[in-house]
Asker: 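Attaching a single structure in structure tokens format; questions to follow.
Chain A is the first sequence line, chain B the second, and so forth, proteins listed ahead of strands; every chain is numbered from 1.
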Amino acid sequence: MCGRYALALRPSQVRRMLEENDMQVDGAPEDEGPGAPRQSHNFAPGYHGIVYRADVPDYGAGPAKEHSSGTKGSSSAKDDTAVTNNTKTDQDAHDPNHFILQSMKWGLVPFWTKRNPDYSSVMKTINCRDDSLAQNGGMWNTMKARKRCLVIAQGFYEWLKVGPKEKVPHYVKRKDGKLMCFAGLWDCVRYEEGEREGERNYTYTIITTDSNAQLKFLHDRMPVILDPGSEAMRIWLDPERHEWSKDLQGVLKPYEGELEVYPVSKEVGKVGNDSPSFIIPVASRENKGNIANFFANQGKPKGKASLKDQTEPEVEVVTEMDGVKRVKTESLDEVAKDADDGGMKREQEHAVTAGSKRRAESPAPEEKEPPHKKATVKSPSPVTQPTRKTRSATTNVGKSPAKVKAPAKGKEPGAQKITKFFGNSA
DNA sequence: CCAGACGTTGTT
DNA sequence: GTCTGG
DNA sequence: CCAGACGTTGTT
DNA sequence: GTCTGG
């Protein structure tokens, strides 16, 4: 289900927005540079996104040596040597009372993985079912106990199936305009060999649960969404809880707040495309207006209030079961070619960046991550940003936000699909 | 003991 | 890494 | 998650 | 259909 979402904000913007919701942020990754999270309205698995979590060591919350399952108590209790020890104590800098934003790669790879896992394996861990966490064994055991986090997004996409071949993308966001915080799990792995040997690779997964009544027509599953400042969020992120419990399991339930759901441009289906229009109702007046402005203003970033607030979707989800067919047809086509509008000469070259071919031909033998094609149009601050609460100045605490170590850049799968990451011993 | 799984979604 | 099956 | 590729021989 | 890239 949650296999694509929107996060076109820089870490600094995310930080500010969370702080406006009274969330403590003691560190954040750089907006740019190696390992920086990607900004895209079409955020896909494998990208580096923004995760929020307690500032605990790489082995997670709780005592360094303890086993999450509490199994056996023997052991000499002396040998410190933290888990992946060596190389400086990676801890001394951690403070569980601090919460940080960190860049991590979407698609969880467990810490015990020996080699860079193949693509298909990783794709299966972009999500984690809430009911999988209710069972005791399994690969999530350590993470659910000690490595819980929030995955930050503006909203997510879901494709409504209409008929045997048609799929209409819908965007889902919070009605109150706040950032969407998914319950997630993270981990850190250091491969034993390969080009990434020794590097710390941070990855994450998004927890899914049953859809709430509002989204049932779209899909039967949805990500777990937590409200900023809620008790559920506090529990989920609490580093003092380093064992699974009913309280924690209880956090994982369908969202009870209000969401906004509406169809969007089919262009979002093509990975690699990116445009602010993807999070705007496809057939709305705003959309047309925005798109027009968008291209009209190509040269000047300031422009008028282009896409400021796109409330009232007026398109709304319309029916579904039987009316499905019509839902998409016209409206979508319309937008697809609406760029030409009724008389404007300008046309669609759009903001939609064309997806690149898969002609892997790296001129330089380095750099992994897919090219961050600088979106044709950069959206300073696209939609969103309600400024609801308008808290007093977000006192930018004087702490150095550089506490978070830049995560190792992930390597794109595919180069060498060795081992499946589940199969290795210690 | 060792070897192998450890996952999700969607579709049938 | 842990847990299960053989 | 969806979209798109999915191939060989031979020549430069 | 399956697999890969983004």
Asker: Find out whether the Lys NZ or Arg CZ of R196(A) is both under 6.0 angstrom from the six-membered ring centre of Y191(A) and within 45° of the ring's axis.
Answerer: no
Asker: Mind checking what makes ring pair (Phe, Tyr, Trp, His ring centres under 6.0 Å) contact with F99(A), not counting sequence neighbours?
Answerer: Y52(A)
Asker: If you measure from the Lys or Arg side-chain nitrogens to the Asp or Glu carboxylate oxygens, is any gap between R115(A) and E192(A) under 4.0 Å?
Answerer: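 So R115(A) does not pair with E192(A) through a salt bridge.
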Asker: Salt bridge check: are E260(A) and K175(A) linked by an N-O gap of less than 4.0 Å?
Answerer: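 No, this pair does not count.
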Asker: Can you sort out which residues in residues 127-135 of chain A have a heavy atom within less than 4.0 Å of DNA chain B? Ascending by number, please.
Answerer: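 Heavy-atom cutoff 4.0 Å gives N127(A), C128(A), R129(A), S132(A).
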Asker: Defining pairs by Watson-Crick or G-U wobble geometry with both distances under 3.5 Å, how would you list the stems of DNA chain B with at least three pairs each?
Answerer: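 Output for stems: B:1-6 with C:1-6.
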Asker: Name the one of Y157(A), Y5(A), F182(A) that satisfies ring pair (Phe, Tyr, Trp, His ring centres under 6.0 Å) with F43(A)?
Answerer: Y5(A)
Asker: Would a distance-only check, ignoring hydrogens and angles, find a side-chain to backbone donor-acceptor pair under 3.5 Å from D274(A) to H41(A)?
Answerer: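 Yes; judged by distance alone, with no hydrogens or angles, the pair exists.
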Asker: Say you draw a straight line from CG of N141(A) to CG of L133(A); how long is it, rounded to the nearest 0.5 Å?
Answerer: 9.0 Å
Asker: Can you tell me if K270(A) touches the phosphate of dG6(E), counting only side-chain N or O atoms and a distance under 4.0 Å to OP1 or OP2?
Answerer: no
Asker: Hey, is D227(A) close enough to R174(A) for a salt bridge, meaning N to O under 4.0 Å?
Answerer: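 Between R174(A) and D227(A) there is a salt bridge, with a charged N closer than 4.0 Å to a carboxylate O.
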Asker: Work out how far the P atom of dT12(B) is from that of dC2(D), and round it to whole angstrom.
Answerer: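 The answer is 14 Å between these two P atoms.
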